[in-house]
Amino acid sequence: MNNETPEKSHFIRNIIKEDVARGVNDGRVHTRFPPEPNGYPHIGHAKAICVNYGLAEEFHAPYNLRFDDTNPVKEEQEYIDAIIADIKWLSFDWEDRLYFASDYFEQLYQWAVKLIRDGKAYVCELTADQIRETRGTLTKPGVESPYRNRPVEENLDLFARMKNGEFPDGSKTLRAKIDMAAGNLNLRDPVMYRILHASHPRTGDDWCIYPMYDWAHGQSDSIEKITHSLCSIEFEDHRPLYDWFLDQLGEFHPQQIEFARLNLSYTILSKRKLIRLVNEGHVQGWDDPRLPTLSGLRRRGYTPASIRDFCDRIGVAKKDSTVDLALLEHCIRGDLNKQAPRFMGVLRPLKVVIDNYPEGESEELEAVNNPEDPSAGTREVPFSRVLYIEREDFMEDPPKKFFRLAPGREVRLRYAYFITCNEVVKDADGEVIELRCSYDPATKGGDAPDGRKVKATLHWVSAKHAIDAEVRLYDTLFTTEDPEDVPEGGDWIDNLNPKSLEVLTGCKLEPNLRGVEPGFSCQFERQGYFCVDQDSDGDKIIFNRTVTLRDAWKRMQKKG
RNA sequence: UGGGAUGUCGUCCAAUGGCAGGACAUGCGGCUCUGGACCGUAGUAUCGGGGUUCGAAUCCCUGCAUCCCAGCCA
């Protein structure tokens, strides 16, 4: 990092910088990422992780991972495991600071008892419906619960019995005694504990009362001595409540700072909606490569570096915004362009016979593995009389700007020879099934000694050496930039893109790809970046297309 | 008609009273054995109306728009 050039900053970094300079918390910085284990993490979480952990790393400060596991009805060990795996994949290391809000259940209970003793909390016997009705509305104040002024001793007794399991679910709550007329609804005697006879992934059946998030969250941050509690914007209204609790308790106040969550065009980042996509089978699981989940992106071929780069580039601010998917794609292209070895693969094969190439013979041609990285070296690619080229690289009646193969036209086969198309073979339906070409032996390697030029270079594979593969092409999961924008009475599911997955079989790959393992990423020249899917098995190779290369020709076609 | 927040290029983010800048996207050009990468270049923005000031995206007033909150979810 170059300290001479002024770094680009954002408001949270500025606040922390100032706090450190002013010696707030003795100049200490400590952050955390507090997920609820009720789903798989997605790129939006990656942003939050990068903000929290990235900032801590910048200030050489520690950061925690803490699961806010206060609702056993929705939370599962599977999600805990997935979240841990995905954050590690992003290559963040919280060392030994893995915590759970459930670690603090006993302390939280004791603090609740203290609030009761201080007359700041009471056991309420209103039903959920009644609590809602008496909460008031956005414009009208609420009505105080008839149980609000019950004696401390009675509250203590009832709360202990709640904990001991004497009452059924939903029959009682512990509520903070604040202000039923507050403009901020969170302050209208919020529920602190509810009775839930549910088994918890970590505490099992030890508890049948569980703290509400609002009661647990601020204190958990306080216990961990978090200096800067970064969270999303919708918790701005909750900050006064967290402050109130900590004030009553006389405990350490982390500073909460809110920032806007990520929205991405053509995708959905709401956990509830993601769960629906998975449960209703619109996708094939949490790691479906079309999903913005980290496991989906990983399977798609996105790298941790590309995601962290993306998170750096989108910035941090308070206003609602939607980042262009093109930026994410730019980030993965940028990373893979530097790393990914190049290979030739023909997705939709068209047979080409080189009539003047000796039958039964073949030769090895040298190809560059990565033009961006000379140290990646070269490899040999076999060439022979019968080849496959990409169907869309040939047009019988080409428009003006089409540079590729056409009858009578000469093009270069990458790293091989110039070939000229002499004859087009069609089937009974008039579909082109084969091209008869001739090659110029003098152009071996791809250059003409007489200096003549060709306008196109095509990728190809030798038919008898090729290996077969299945290739899965992905498009956006939704057809609309904002999938949640639906007409009256419509369902966002209707915006699903029926063509988000296209499976190609019989693709032909150069033989150097034999034996690749799941997770392997490479570029198929002129087409895009692809990675081997976990469904591959032995001889059955399956590639996922991570992202296409930028394609000037396609853009030109679109323009018309 | 309550409380909280937010309005800057098409998009995202800067500029904290002093030349509105960067990235992505887009157009054009160059280069190229990937119509890739790379290089160069262009256009496009301060929500509206007042005010303060030599000077306002920034401060004040006012209006408008958008988002969040009425879970015993987080």
Side-chain angles (χ1 to χ4, degrees), chain A residues 8-11 14 34-36 38 68 70-71 73-75 124 126-128 131-133 135-142 169-175 181-188 190-196 210 212-214 216-217 232-240 258 260 262 265 271-272 313-331 333-334 337-338 342 344 367-368 371-372 401-404 412-416 418 443 445-447 453-459 481 523-528 548-556 559:
Chain A
K8 196 176 164 183
S9 197
H10 55 70
F11 78 104
N14 293 341
E36 183 194 16
N38 68 340
D68 274 333
T70 54
N71 185 358
V73 176
K74 290 190 176 174
E75 296 153 7
C124 182
L126 256 24
T127 64
I131 287 183
R132 190 184 329 113
E133 284 157 15
R135 184 156 23 227
T137 69
L138 294 179
T139 50
K140 280 200 263 317
D169 287 4
S171 60
K172 290 178 178 53
T173 57
L174 183 73
R175 291 229 256 167
N184 181 347
L185 265 37
N186 295 116
L187 265 19
R188 319 244 263 227
V191 172
M192 296 164 63
Y193 277 95
R194 73 288 216 187
I195 301 173
L196 241 36
Y210 288 95
M212 296 290 291
Y213 173 86
D214 277 348
H217 185 74
S232 46
I233 215 85
E234 68 265 30
F235 291 105
E236 209 145 24
D237 279 350
H238 297 240
R239 183 164 17 101
E258 306 85 6
L262 172 69
S265 58
K271 263 202 232 177
R272 260 195 66 77
R313 286 166 181 263
I314 57 178
V316 179
K318 297 193 73 158
K319 76 167 171 196
D320 280 346
S321 63
T322 301
V323 175
D324 193 338
L325 217 214
L327 182 60
L328 216 212
E329 295 186 334
H330 174 261
C331 291
R333 285 193 188 105
N337 178 48
K338 295 280 185 294
R342 272 61 167 172
M344 290 194 285
V368 173
E372 302 292 320
K401 293 285 185 58
F402 186 85
F403 302 151
R404 282 109 97 146
R412 173 192 294 111
L413 293 183
R414 181 97 156 134
Y415 301 124
F418 286 11
T443 58
D447 285 304
K453 303 285 183 198
V454 288
K455 292 189 91 169
T457 300
L458 273 38
H459 61 278
E481 222 176 296
Q523 182 192 106
F524 289 168
E525 294 220 18
R526 304 208 302 132
Q527 311 213 76
T548 62
L549 251 28
R550 281 174 58 104
D551 189 340
W553 168 237
K554 278 251 162 62
R555 265 182 282 150
M556 217 183 293
K559 263 196 324 187

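Throughout, protein chains are lettered first and strands after them, A, B, ... in sequence-line order, and every chain is numbered starting at 1.
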Just compare [options] and give me whichever is closest to any side-chain atom of [X].
X	options	answer
A:Glu36	B:G36, B:A23, B:C73	B:C73
A:Asn14	B:A15, B:A70, B:U34	B:A15
A:Phe235	B:G36, B:A70, B:A74	B:A74
A:Phe403	B:A37, B:C69, B:G35	B:G35

### Task
Determine, using ring centers only, whether A:Phe403 and A:Trp553 are less than 6.0 Å apart.
no
### Query
Which part of the nucleic acid, if any, lies within contact of A:Phe402, taking any heavy atom under 4.0 Å across all strands shown: a base, the sugar-phosphate backbone alone, or nothing?
base
### Query
Looking across every strand, which nucleic acid part, if any, lies under 4.0 Å from A:His238 by heavy atom: base, sugar-phosphate, or nothing?
base
### Message
Suppose you measure atom P in B:U26 against the same atom in B:C61; what distance do you get, rounded to whole Å?
### Response
43 Å
#### Entry: Length of the line joining A:Asn71:CG and B:C73:C1', which is rounded to integer Å
6 Å
### Message
I need the CZ-C1' distance between A:Arg313 and B:A23, as an integer number of Å.
### Response
6 Å
Check the phosphate of [N] against [X], side-chain N and O only, distance under 4.0 Å to OP1 or OP2. Yes or no?
X	N	answer
A:Arg550	B:U26	yes
A:Arg555	B:G27	yes
A:Arg135	B:C72	yes

### Task
Classify every nucleotide of nucleotides 5-11 of chain B by which part a protein heavy atom approaches to under 4.0 Å, writing B for the base, S for the sugar-phosphate alone and - for neither, in 5'-to-3' order.
SS-B--S
### Query
Which range-with-range stems can be found for RNA chain B when each stem has 3 or more Watson-Crick or G-U pairs in a row and both distances sit under 3.5 Å?
B:2-7 with B:64-69, B:10-13 with B:21-24, B:26-30 with B:38-42, B:47-51 with B:59-63
### Message
Holding to salt bridge (Lys or Arg N to Asp or Glu O under 4.0 Å), I want the full list of residues that pass it with A:Glu481, two or more places apart in sequence or in another chain.
### Response
none
